Amino acid sequence: MGTNINTGNDDSQSVRNKDIYILGIESSCDDTSAAVLRNAVLLSNVTASQAVHEAYGGVVPELASRAHQQNVVPVVHEAIKRAGITKEQLSAVAFTRGPGLMGSLLVGVNFAKGFARSLGIPLIDVNHLQGHVMAHFIDGVGCPPYPFLCLLVSGGNSQIVKVHAYNDMEVLGQTIDDAAGEAIDKCSKVMGLGYPGGPIIDRLARQGNPKAYQFSEPHIPGLDYSFSGLKTSFLYNLRKWVADDPDFIEHHKEDLAASLEYTIVDILMKKLKLAVKQTGIKHVAVAGGVSANNGLRNAFQDHARRYGWTIYIPKFSYTTDNAAMIGIVGYYKFLDGEYCSIDAPAFSRVTFE
Ligand code: KG4
């Protein structure tokens, strides 16, 4: 199988008609993941999640870095094995350079550097957020045409991004405080549910009434988001209800989850609808951990039907942190000869460069 893409750089002749094998490595938070792609096609995607954080109701950075150190070698080994190739066949190593937890990033960044150097192959740095957006291009089928809009919703980010090209993304709006996933996780925590809260709230919400409770919605101008007011409103209401009835949460957790999810999805979709109106772009994608949410997926389908959007919803396995999305960006950068130097540092903040 060969690629036939004009890369526009001097090396394009040698790159064309030759299979390219990219190893992607992701370690920005609490998932250690490695993937191998042959061109844009995913051959393997192995992820080790870290159960150690469950007891703390959130990710403990120091524990995350230590778990990455334990996981990175076996996870990479397994990804290469499942891909059915040898490490000598790899064309380049792509890694998440940021944003994320610094200690976690350092494990993946330094492993990638050492591995690429030992194999004598290029090293490619990838922005984690760019990876989430580009998850839609894995396997090269059903890819959104440029430009498209992407609602990027994860534990640390809530953004509306206008995607001009894989390496040209414009943030049209973003949260001014908490991210949507963070708000869900914190509300789940105050209800005494487990971590991460997203999948638990999603499951409970399926059995609840989304109109049972109303929580305050933000009034932020433009395309920016805010979720901290909602979180506070949820907490204060809950305290009041629990003071009246100590078993309130146990008896009403489905309705609470459904109402919380409904409010968050409503906030997300209102601004996205405005972005579609302002830009005239009706190809709309969703990405990031919260895009696994059933209420949000249903809202996308509903908007597609009502407003004629063409929507792009990722496979569940590409929603939360994974190395396949790092590998696909690595593949495009490889075609463009966009390599990074061995001394490129990790970065913890910054959105799109
Ligand atoms: O993208 P991600 O894996 O990590 C970051 O880069 O932040 O996103 C993690 C977030 C967490 O807040 C988690 O609770 C949320 O995604 N999440 C969900 C669901 N699955 C994961 N939120 C709502 N519904 C879900 N099914």
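Just so you know, ligand 1 is whichever comes first in the structure, and atom 1 is the first atom listed for that ligand. Computation of the quantities below employed the complete heavy-atom set of this structure, encompassing side-chain atoms and omitting hydrogens, waters and symmetry-equivalent molecules. The structure displayed is predicted, hence computed values, not measured ones.
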Suppose we measure from atom 7 (O) of ligand 1 to each protein heavy atom; which comes out shortest, and what is that distance?
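Result for atom 7 (O) of ligand 1: Gly155 N, 2.8 Å.
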Nearest neighbour in protein (non-hydrogen) for atom 2 (P) of ligand 1:
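Looking at atom 2 (P) of ligand 1, the protein heavy atom closest to it is Asp321 OD1, 3.5 Å.
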Heavy-atom side-chain contact between Ile80 and Leu90 under 4.5 Å
yes
With heavy-atom distances below 4.5 Å as the criterion, would you say the side chains of Glu254 and Arg206 are in contact?
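Counting from C-beta outward, Glu254 and Arg206 never come under 4.5 Å.
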Just let me know how [X] lines up against ligand 1, side chain, backbone, both or neither, with a heavy-atom cut-off below 4.0 Å.
X      : value
Glu261 : neither
Asp185 : side chain
Asp202 : side chain

Under 4.0 Å from any heavy atom of [X], which atoms of ligand 1 are there?
X      : result
Pro196 : 14 (O)
Asn293 : 23 (C), 24 (N), 25 (C), 26 (N)
Ala292 : 20 (N), 26 (N)
His132 : 1 (O), 6 (O)
Gly289 : 1 (O), 2 (P), 8 (O), 16 (O), 17 (N), 18 (C), 19 (C), 20 (N), 21 (C)
Gly156 : 7 (O)
Gly181 : 12 (O)

Do Asp125 and Lys333 sit within salt-bridge range, that is, some charged N less than 4.0 Å from a carboxylate O?
yes
State plainly whether the residues Asp185 and Lys189 are in salt-bridge range, i.e. N to O under 4.0 Å.
no
Is the backbone of Ala258 close enough, under 3.5 Å, to the side chain of Asn209 for a donor and an acceptor to pair up by distance?
no
Hey, is the main chain of Ser216 close enough, under 3.5 Å, to the side chain of Ser233 for a donor-acceptor pair?
yes
For a quick check under 3.5 Å, do [X] and [Y] share a side-chain donor-acceptor pair by atom type?
X      : Y      : result
Asn237 : Lys240 : yes
Lys273 : Tyr307 : yes
Asp177 : Ser226 : yes
Tyr166 : Asp336 : yes

Can you find an N or O of [X] that's nearer than 3.5 Å to an N or O of ligand 1?
X      : value
Thr320 : no
Gly288 : no
Gly198 : yes
Ile184 : no

Counting heavy atoms only, which of Ser154, Pro199, Gly295, Ala135 comes nearest to atom 5 (C) of ligand 1?
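That would be Ser154.
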Give a yes/no verdict on whether any heavy atom in Cys29 is under 4.0 Å from an atom of ligand 1.
no
Min heavy-atom dist His128 to ligand 1 below 4.0 Å:
yes
Indicate, with yes or no, if the rings of Tyr318 and Tyr312 have centres closer together than 6.0 Å.
no
Look up atom CG in Leu260 and atom CZ in Phe215, then write down how far apart they are to the nearest 0.5 Å.
6.5 Å
